[in-house]
Number of protein chains: 2
Amino acid sequence: VDLLARRAARLHPSLPQSPPSTNIAFDSGHASPLVLPDLTAEAARALTHFRPETLQYAPRPGLPELRAHIAELMREEGAPATVHQILVTNGAKHAIELACRLLLDEGDSIAVTAPTYFTSIPIFRSFGVHFIEVGQDEHGMLVGELAERLTSLAAKGERLPKFVYNVPDFHNPTSVTMSRERREALLDLAERYDMYIVEDSPYRRIRFEGESVPTIAGLDQHARVLYMGTFSKLMAPGLRVGWVAAAPQLIARMIQLKSDGGSCPLTQRIIVEFLNEGRLPTHVQRVQDTYRSNRDAMAAAITREIPEAAFHVPAGGYYLWLSLPEFVNGDELAAAANLSGVTIIAGSRFYAGGAARRHQIRVAYSHATHDEIDEGVKRLASAYRSLFADAVSGARA
Amino acid sequence: VDLLARRAARLHPSLPQSPPSTNIAFDSGHASPLVLPDLTAEAARALTHFRPETLQYAPRPGLPELRAHIAELMREEGAPATVHQILVTNGAKHAIELACRLLLDEGDSIAVTAPTYFTSIPIFRSFGVHFIEVGQDEHGMLVGELAERLTSLAAKGERLPKFVYNVPDFHNPTSVTMSRERREALLDLAERYDMYIVEDSPYRRIRFEGESVPTIAGLDQHARVLYMGTFSKLMAPGLRVGWVAAAPQLIARMIQLKSDGGSCPLTQRIIVEFLNEGRLPTHVQRVQDTYRSNRDAMAAAITREIPEAAFHVPAGGYYLWLSLPEFVNGDELAAAANLSGVTIIAGSRFYAGGAARRHQIRVAYSHATHDEIDEGVKRLASAYRSLFADAVSGARA
């Protein structure tokens, strides 16, 4: 192994194996290196016994066995599906893009929370959508506020949103979980105003405590929901395998739109083998344990180092969403933190309506070790204090 | 291994490991099972030594080492490129889609050969393009005919095509290779009418004899070419890794449009390891030998069984393009052949302008064994003779 690595390094001496940065990364949705599974046995079987399957083109909807496994995962989420309701995608972002291609025309609008998942924003923008931004509280999206906006749009004869996009479980970036009442109210609105709901739920099974709320898909009586799942958080991001679960006629049309020659059958087969062996539950348990402990470490470090940061302690997911005093400019803080050796994401980047000044930041606890969490939060606190020294001492006085 | 396969089969008894069809497949661009490489060692290294790379998100443009290898492949094709001119994609079809997202607006037109690669047609259609179809002869696209069409459009003040799409090496479906003179003339037209050229060249290295013609990208003086390559034909389709090589500013914009979370780092690393070990040249040699022999077997079988089929013997690629007597309806023949146990593709499907009746069919020799080629051509001849019995005997009389 090392011989080959050295040979590779000799061939391309200028190319390091990993980014050269010594920054501690609180910015990414990367998995903890501690929970990356050993998939060598699965890959060996996939490339020997299943070679005629894994090295040829795959069926465009996905491997039949993987679709069956995903249908079973959906059943466990209270949203039973047939394989005809499942489309395997190149990760959940690809699923979002296919939903846009399916549902959107130029000039359409969609409804999103403010803040919302920042990687989805440029995907939506590339389809030329207008955003209707709706606030959130500790019970998730303010569906009452959305209802008022829709009533007003309808009264003015303006175009209603084609769909509502949300991350209802451990929301990115706020980590809030939407209550059952809000989910039901959202479904009522979708039916009344003829909208779809894109339920993007990568973190749902990364729950540390408490009871799950039913999926919106599971509460859906009218085939209004396109549910998006992914193996990125359940197994590993590098597999690039996600899915959409939706009504068969929507899936049939999305299969036509999926013009990529089928998703990679090798990674699909590796996942099927992992699931066939029953490795998923123990692996997810390990992920939960690791991230629960990381969350505790980061919550403690923030409370200790930046006591003026307000945050909700998430019951799952990857992120703390920190509200700092109003004099803080999150963009300036992110830039200063980066120079101080810790990478975070400024809150402004999560607002689809534009990059207004925001006093929030998102810090991910998923990727770092406990030592890195402690050291990274110290660096963040130091950047914060030096940048806002006068205001900080004023606020503390 | 078998135990696990049986367990999988027990879990999903209704799901066969492979399609149940006993048809001989002359319809697909699948690789021959004889030339699917053994990638188990590469995968084992990728999932152990490189695990932190292969199971996390990859850089969106592709792994740096793979981009460097692809730049070297481009240099070998006479079109030197820096890594900033290379974008790794989820197969070449994904590259075509990204080129469309980069270059096309609703109502634009593009120029294609008639016939052209049939899988590209729905991708182009999904962007709402109008097609300008241009004929071909044994030297490839009739660039003179394209020049006349462009002159006429310009004279009428009509919109000119945004790009010309072509498969200049071992064209799909005709297997014709475009001459150097036509390539140069096409580049002149592109410069004169401010068009791009999408050079889609999956089969270029699958050459059985004779000398390569320079790539259009290699002759390009004005950064007019987006070159599309793929490891599907060089290694295996299931890897789902292709690339675009183009001007750095075009690549930078395509990276922004590539909203899939990065292509799969696991399959990228497997390819890098394969290339680092120097396995590509011997593997490509084996592919060439296998497909040359398959081509010879199919050409002989067609000449023996359906002597009235006219075809050009390709110097590379995957396909024979058969012109049958004019009374033959290729759609009817494809349907009858399917019932007789051999799957082919009707020529009409390769015409972007619509499914007019055509007397051509495409048969792929890449996937079948020699025995399957002989048996499949017999079945095809039998379908042909029973369907067109009266006309056939008339034509032979």
Side-chain angles (χ1 to χ4, degrees), chain A residues 1-2 4-5 7-8 11-12 15 17-18 28-31 33 36-40 43-45 47-49 51-58 64-65 68 90-91 93-94 97 101 106 119 122-123 126 232 236-240 256-257 259-267 272-273 276-277, chain B residues 1 4-5 7-8 11-12 15 17-18 28-31 33 36-40 43-45 47-58 64-65 68 90-91 93-94 97 101 106 119 122-123 126 232 236-240 256-257 259-267 272-273 276-277:
Chain A
V1 169
D2 284 338
L4 279 155
R7 198 193 301 170
L11 271 175
H12 308 291
L15 299 167
Q17 299 300 327
S18 58
S28 81
H30 279 51
L36 293 176
D38 181 353
L39 300 173
T40 49
R45 278 197 300 282
L47 285 165
T48 50
H49 185 69
R51 189 180 301 170
E53 169 194 81
T54 55
L55 292 187
Q56 297 281 13
Y57 293 105
E65 279 178 80
N90 310 324
K93 283 184 267 294
H94 183 222
E97 187 187 316
R101 293 185 65 190
E106 189 77 24
T119 305
I123 303 177
S126 75
S232 291
L239 298 169
R240 308 312 307 126
Q256 291 179 318
L257 291 170
S259 44
D260 60 1
S263 291
C264 179
L266 173 57
T267 51
V272 168
E273 293 295 293
N276 281 351
E277 292 160 70
Chain B
V1 169
L4 278 155
R7 198 193 302 170
L11 269 174
H12 307 292
L15 299 168
Q17 298 299 326
S18 58
S28 81
H30 279 50
L36 293 175
D38 181 353
L39 300 173
T40 48
R45 278 199 300 282
L47 285 165
T48 51
H49 185 69
F50 293 101
R51 190 182 299 171
E53 170 194 82
T54 55
L55 293 188
Q56 296 282 13
Y57 293 105
E65 280 180 78
N90 308 325
K93 283 184 267 292
H94 183 222
E97 188 187 314
R101 292 187 65 191
E106 189 78 24
T119 306
I123 302 177
S126 75
S232 291
L239 298 169
R240 308 310 309 126
Q256 291 179 319
L257 291 169
S259 44
D260 59 3
S263 291
C264 179
L266 174 57
T267 51
V272 167
E273 293 295 293
N276 281 350
E277 292 161 69

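The structure displayed is predicted, hence computed values, not measured ones. All heavy atoms count here, side chains included; hydrogens, waters and symmetry mates do not.
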Task: Side chain to side chain, B:L55 and A:P37, heavy atoms closer than 4.5 Å - done: yes

Task: Between CG on residue A:L266 and CG on residue B:L39, distance to nearest 0.5 Å - done: 8.0 Å

Task: Euclidean distance, B:L257 CG relative to A:I123 CD1, rounded to 0.5 Å - done: 11.0 Å

Open item on the list: Is a donor from one side chain sitting under 3.5 angstrom from an acceptor on the other, for B:S263 and A:R240?
Closed with: no

TODO: Sort B:T267 into side chain, backbone, both or neither according to what part of it lies under 4.5 angstrom from a heavy atom of chain A.
DONE: side chain

Open item on the list: Between B:P237, B:A236, B:C264, B:G262, who has the most heavy-atom pairs with chain A when the cutoff is under 4.5 Å?
Closed with: B:P237

Task: Gap between atom CD of A:Q56 and atom CG of B:L239 - 0.5 Å precision - done: 10.5 Å

TODO: Find the distance between CD (B:E97) and CZ (A:R101) and round it off to the nearest 0.5 Å.
DONE: 4.5 Å

Task: Closest approach of B:G238 to A:P265 (non-hydrogen atoms, all atoms of both residues) - done: O-CD, 3.2 Å

- [ ] Side chain from CB out, backbone as N, CA, C, O: work out which of these in B:P122 comes under 4.5 Å of a heavy atom of chain A, or both, or neither.
- [x] neither

TODO: Give, for atom CG of B:L47 and atom OG1 of A:T40, the distance between the pair rounded to the nearest 0.5 Å.
DONE: 7.0 Å

- [ ] Compare every heavy atom of A:Y57 with every heavy atom of B:S232, then report the nearest pair and how far apart it is.
- [x] CB-OH, 3.9 Å

Task: Side chain / backbone / both / neither for B:A44 at chain A, heavy atoms under 4.5 Å - done: backbone

